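Remember, it's a predicted structure, so these values are computed and weren't measured experimentally. In this chain, residues are counted from 1 in sequence order.
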Amino acid sequence: MAVITVKDKEFTTLLTNDQIAEQIDRIAEAINTDYKDKNPLFLPVLNGSFMFASELFKRLTINTEISFIKLASYKGSSQGKVNSIIGLSETIYNRDIIVLEDIIDSGNTMSVLLEELESHFPSSIRLAALLYKPDAFKKDFKIDYTCFDIPDKFVIGFGLDYDGLGRNLTDVYSINSQL
Ligand code: 5GP
Ligand code: MG
């Protein structure tokens with residue numbers, strides 16, 4: 001267990017790189033089986049999922065493609081924030097889609113994204129998440145492949161940031177006191 005300081009906060013090791021690798025092995029194997037004769041299109045959500053996407057993708061033995069997307073929020077409707085997807089250049093119509101997310105917290109971001117993707121009529125959509133916080137989750141969509149259920153505390157590392165920092169850490173760390 002290591003204690004580190006990033007900017008003005010202390011964090012402690014939650015998941016080691018070996019533990020993470022083991023879980024990515026497990027879900028890669030499941031995906032290789034489930035999509036054996038298919039050609040799924042992976043859509044990792046930037047920025048946080050770049051490292052998860054890279055590690056998972058290296059373990060795939062099926063025919064597969066990848067295209068990174070990013071969510072942009074802007075003030076549009078009277079309700080305030082509207083999200084749009086940047087980078088959805090590949091056609092997802094009739095494709096088997098696997099969305100990759102670093103972390104599912106409340107689930108708000110992902111439910112907006114899933115709704116938008118569904119409007120393009122893919123033949124299927126599944127979701128893979130490195131981390132999932134069951135105690136914070138407020139939605140009802142299914143997470144098909146999860147590496148870890150974690151406590152409802154702020155985490156960094158393995159692609160996840162605190163104010164832009166910490167994405168390069170190879171372990172995942174959780175904050176010592178809540179933000
Ligand atoms: P949600 O909409 O599910 O509440 O969370 C959406 C986004 O918030 C995630 O994709 C992620 O970018 C960010 N997020 C949620 N929890 C954490 C966390 O513990 N650490 C970091 N670094 N980002 C988080
Ligand atoms: Mg994210």
Side-chain angles (χ1 to χ4, degrees), residues 14-71 83-160 167 171-172 174:
L14 178 68
L15 307 165
T16 66
N17 190 260
D18 284 351
Q19 292 173 307
I20 296 167
E22 208 173 285
Q23 291 306 307
I24 298 179
D25 281 345
R26 180 180 57 79
I27 70 163
E29 206 173 301
I31 291 169
N32 283 328
T33 304
D34 295 349
Y35 291 84
K36 194 168 180 292
D37 301 310
K38 306 224 155 122
N39 174 15
L41 173 63
F42 282 82
L43 298 179
V45 183
L46 289 172
N47 291 321
S49 71
F50 75 95
M51 207 176 279
F52 173 43
S54 157
E55 288 304 315
L56 178 64
F57 211 67
K58 283 191 271 184
R59 291 162 166 82
L60 299 176
T61 52
I62 49 174
N63 283 321
T64 186
E65 296 167 47
I66 190 165
S67 184
F68 288 80
I69 59 173
K70 189 162 184 159
L71 286 178
N83 288 279
S84 71
I85 305 172
I86 300 170
L88 200 62
S89 51
E90 311 298 319
T91 301
I92 66 168
Y93 173 74
N94 243 349
R95 295 296 305 269
D96 293 309
I97 301 300
I98 305 177
V99 178
L100 297 185
E101 182 60 302
D102 52 353
I103 185 163
I104 307 287
D105 189 53
S106 69
N108 290 333
T109 311
M110 187 50 61
S111 72
V112 171
L113 175 59
L114 292 174
E115 206 173 293
E116 175 61 25
L117 292 175
E118 271 156 16
S119 74
H120 294 270
F121 302 104
S123 56
S124 69
I125 300 184
R126 283 191 178 183
L127 172 60
L130 176 69
L131 306 172
Y132 169 52
K133 293 179 180 170
D135 296 338
F137 191 59
K138 291 197 228 108
K139 298 288 174 176
D140 56 6
F141 58 82
K142 186 172 171 229
I143 307 169
D144 302 280
Y145 308 98
T146 310
C147 290
F148 297 96
D149 288 6
I150 61 166
D152 186 12
K153 285 184 102 183
F154 186 77
V155 295
I156 58 167
F158 208 81
L160 291 108
R167 295 191 195 276
D171 297 338
V172 167
S174 69

query: So, does R26 use its side chain to make a donor-acceptor pair with the main chain of E22 at under 3.5 Å?
result: no
Closest non-hydrogen atom pair between G87 and S67, with its separation: O-OG, 3.8 Å
- prompt: Which atom pair, heavy atoms only, marks the closest approach of G107 to I104?
  reply: CA-CG2, 3.9 Å
message: So, using salt bridge (Lys or Arg N to Asp or Glu O under 4.0 Å) as the criterion, who are the partners of R126 when residues are at least two apart?
response: D34
query: Looking at N108, L127, I69, which one forms a side chain to side chain contact (heavy atoms under 4.5 Å, CB included) with L113?
result: I69
- prompt: S54 side chain to F50 main-chain N or O, any donor-acceptor pair under 3.5 Å?
  reply: no
message: Side chains of D96 and S123 only: does a donor on one sit below 3.5 Å from an acceptor on the other?
response: yes
query: Would a 4.5 Å heavy-atom cut-off, applied to side chains only, mark R95 and N39 as touching?
result: yes
field: Under 3.5 Å donor-acceptor, N94 side chain and P122 backbone
entry: no
- prompt: Does the S49 side chain pair with the main chain of F52, one donor and one acceptor, at a distance under 3.5 Å?
  reply: no
message: Quick one, I85 and L71 - any side-chain contact, counting heavy atoms below 4.5 Å?
response: yes
- prompt: Which atom pair, heavy atoms only, marks the closest approach of Q23 to C147?
  reply: OE1-O, 3.3 Å
- request: Decide yes or no on side chain to side chain contact (heavy atoms under 4.5 Å, CB included) for L60 and Y35, but give the supporting numbers first.
  value: CA-CA 10 Å; L60 299 176; Y35 291 84; over 6 Å; no
query: Do the non-hydrogen side-chain atoms of Y145 and L56 ever get within less than 4.5 Å of each other?
result: no
message: Checking D102 against V45 for the side chain to side chain contact (heavy atoms under 4.5 Å, CB included) test, could you report, in this order, the C-alpha distance in whole Å, the side-chain angles of both residues, the deciding distance, and whether it holds?
response: CA-CA 8 Å; D102 52 353; V45 183; over 6 Å; no
- prompt: Hey, what's the ring geometry for Y132 with F137, parallel, tilted or perpendicular (30° and 60° as the breaks)?
  reply: perpendicular
